[in-house]
Trainee: 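Have a look at the structure that comes next, please.
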Amino acid sequence: MKIIEAPSPNQNKRRYPVDMLVLHYTGMEDGPSALERMRDEKAQVSAHYMVDVDGVIYQLVPEDMRAWHAGVSNWQGDGDLNSRSVGIEIVNGGHNVKLSDGSLQPYSRVQIEAVIELSRAIIERHKIPLNRVVGHSDIAPDRKDDPGEHFPWEEFAARGVGFWPERPDEGELTKLSEKDAPLKLGAKGKGVTGLQEDLQAIGYPIEVSGAFDEQTEKVVMAFQRRWNQGDVSGVVDPLTFELIRRVAALAYPSSAGGDI
Ligand SMILES: [Zn+2]
């Protein structure tokens, strides 16, 4: 793994040990401009690493220091995630710099290989639990879209970075009850409460209110960007509903019905 030192002044002391990994895209034109911004004292942002499209890894902040990448965010009830995490910025235009046909710029193969290798080393070094490997949009669903619905989370999970639920067959999908359907903005009831409880169990910052409000819609979209990437609608159909249930069970295996 080739790592180039590129120190950033935007760092300070951690308040907690590392037990999270946060993945981002830069959302800028190219690698050099993102690197310049993260090394500019006035910008007040940084990350521990930046991985460029050619697979070259830059280290901006040592892992034992607190880099400034997560902002106001929360996961599994924890705040100050900059103090708890290692942050990787992956060079990609994302939703800010789209291709000329309006689509999201794909991540490059060498870049993905480099991010997987780097992530595995970080997870191993700090014994990071797989339910604490997150995207920026997971921990700040009200403001962030990165690393985006084009990020290959399924491959990452298959290679030990995060986890991925088995996709249900059509026949395994629970019909949403008449009373609760459709589960989207404005819905109320037990179905919404259960959904919010599952999303909270996964780690999402969400209030359990029984009302499908704007915060719920944003969290559902964050969930879909990660685990149901073909449908980032914020509407919970039977497939999204079942995937939320399955991810909640994977995040907390003990709640899925005992063990031997
Ligand atoms: Zn980010």
Side-chain angles (χ1 to χ4, degrees), residues 6 8-12 14 18-40 42-53 57-61 63 65-76 78-98 104-108 111-112 114-116 118-119 122-123 128 131-153 156 161-162 202-206 215 218-227 229 232:
S8 165
N10 301 327
Q11 54 171 298
N12 61 349
R14 288 187 183 281
V18 174
D19 65 357
M20 285 188 78
L21 174 63
V22 182
L23 302 183
H24 304 257
Y25 65 49
T26 51
M28 291 176 68
E29 207 61 55
D30 57 20
S33 45
L35 197 60
E36 188 182 318
R37 177 166 145 79
M38 288 192 282
R39 300 182 72 188
D40 176 1
K42 290 195 286 296
Q44 299 274 295
V45 293
S46 62
H48 294 90
Y49 299 97
M50 187 188 88
V51 182
D52 211 337
V53 290
I57 302 171
Y58 296 87
Q59 177 147 29
L60 291 86
V61 175
E63 286 182 15
M65 295 296 283
R66 180 176 178 272
W68 305 346
H69 57 95
V72 178
S73 51
N74 191 286
W75 189 250
Q76 296 172 350
D78 291 332
D80 188 9
L81 301 186
N82 282 337
S83 271
R84 304 174 192 269
S85 63
V86 171
I88 303 177
E89 285 283 355
I90 308 161
V91 175
N92 184 274
H95 300 84
N96 303 331
V97 188
K98 291 186 178 168
L104 294 163
Q105 173 198 339
Y107 289 92
S108 82
Q111 185 181 37
I112 288 305
V115 177
I116 288 175
L118 177 62
S119 299
I122 293 165
I123 289 168
I128 296 173
N131 60 8
R132 291 176 73 82
V133 173
V134 296
H136 201 187
S137 54
D138 292 319
I139 60 176
D142 53 334
R143 353 177 253 115
K144 293 294 175 180
D145 298 337
D146 61 309
E149 57 272 30
H150 58 317
F151 186 77
W153 282 111
F156 270 65
V161 184
I202 295 167
Y204 285 103
I206 185 169
Q215 57 134 12
K218 297 272 191 192
V219 170
V220 167
M221 288 174 77
F223 177 92
Q224 290 173 325
R225 271 184 220 292
R226 174 123 184 226
W227 280 296
Q229 297 179 316
V232 190

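This structure is a prediction, so every number in the text was calculated from the model and none was measured. Note that the numbering runs from 1 along the sequence shown for the chain. Whatever order the structure lists ligands and atoms in, that order sets their numbers, starting from 1.
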Trainee: Please determine, by modelled atom types, if Q215 and Y204 share a side-chain donor-acceptor pair under 3.5 angstrom.
Mentor: no
Trainee: If you count heavy atoms of other groups shown closer than 6.0 angstrom to CD of E36, is the number above 12?
Mentor: no
Trainee: In the shown structure, where waters are left out, how many protein N, O or S atoms lie under 2.8 Å from the Zn ion (ligand 1)?
Mentor: 3
Trainee: Angle between ring planes, Y107 versus F151, binned at 30° and 60°: parallel, tilted or perpendicular?
Mentor: perpendicular
Trainee: Measure the acute angle between the ring planes of W227 and F223, then classify it against the limits of 30° and 60° as parallel, tilted or perpendicular.
Mentor: tilted
Trainee: What is the distance from atom CG of D138 to atom CG of D146, rounded to the nearest 0.5 Å?
Mentor: 10.0 Å
Trainee: Between D19 and R132, does a salt bridge (charged side-chain N to carboxylate O under 4.0 Å, His left out) hold up when you go through it step by step?
Mentor: CA-CA 7 Å; D19 65 357; R132 291 176 73 82; 3.1 Å; yes
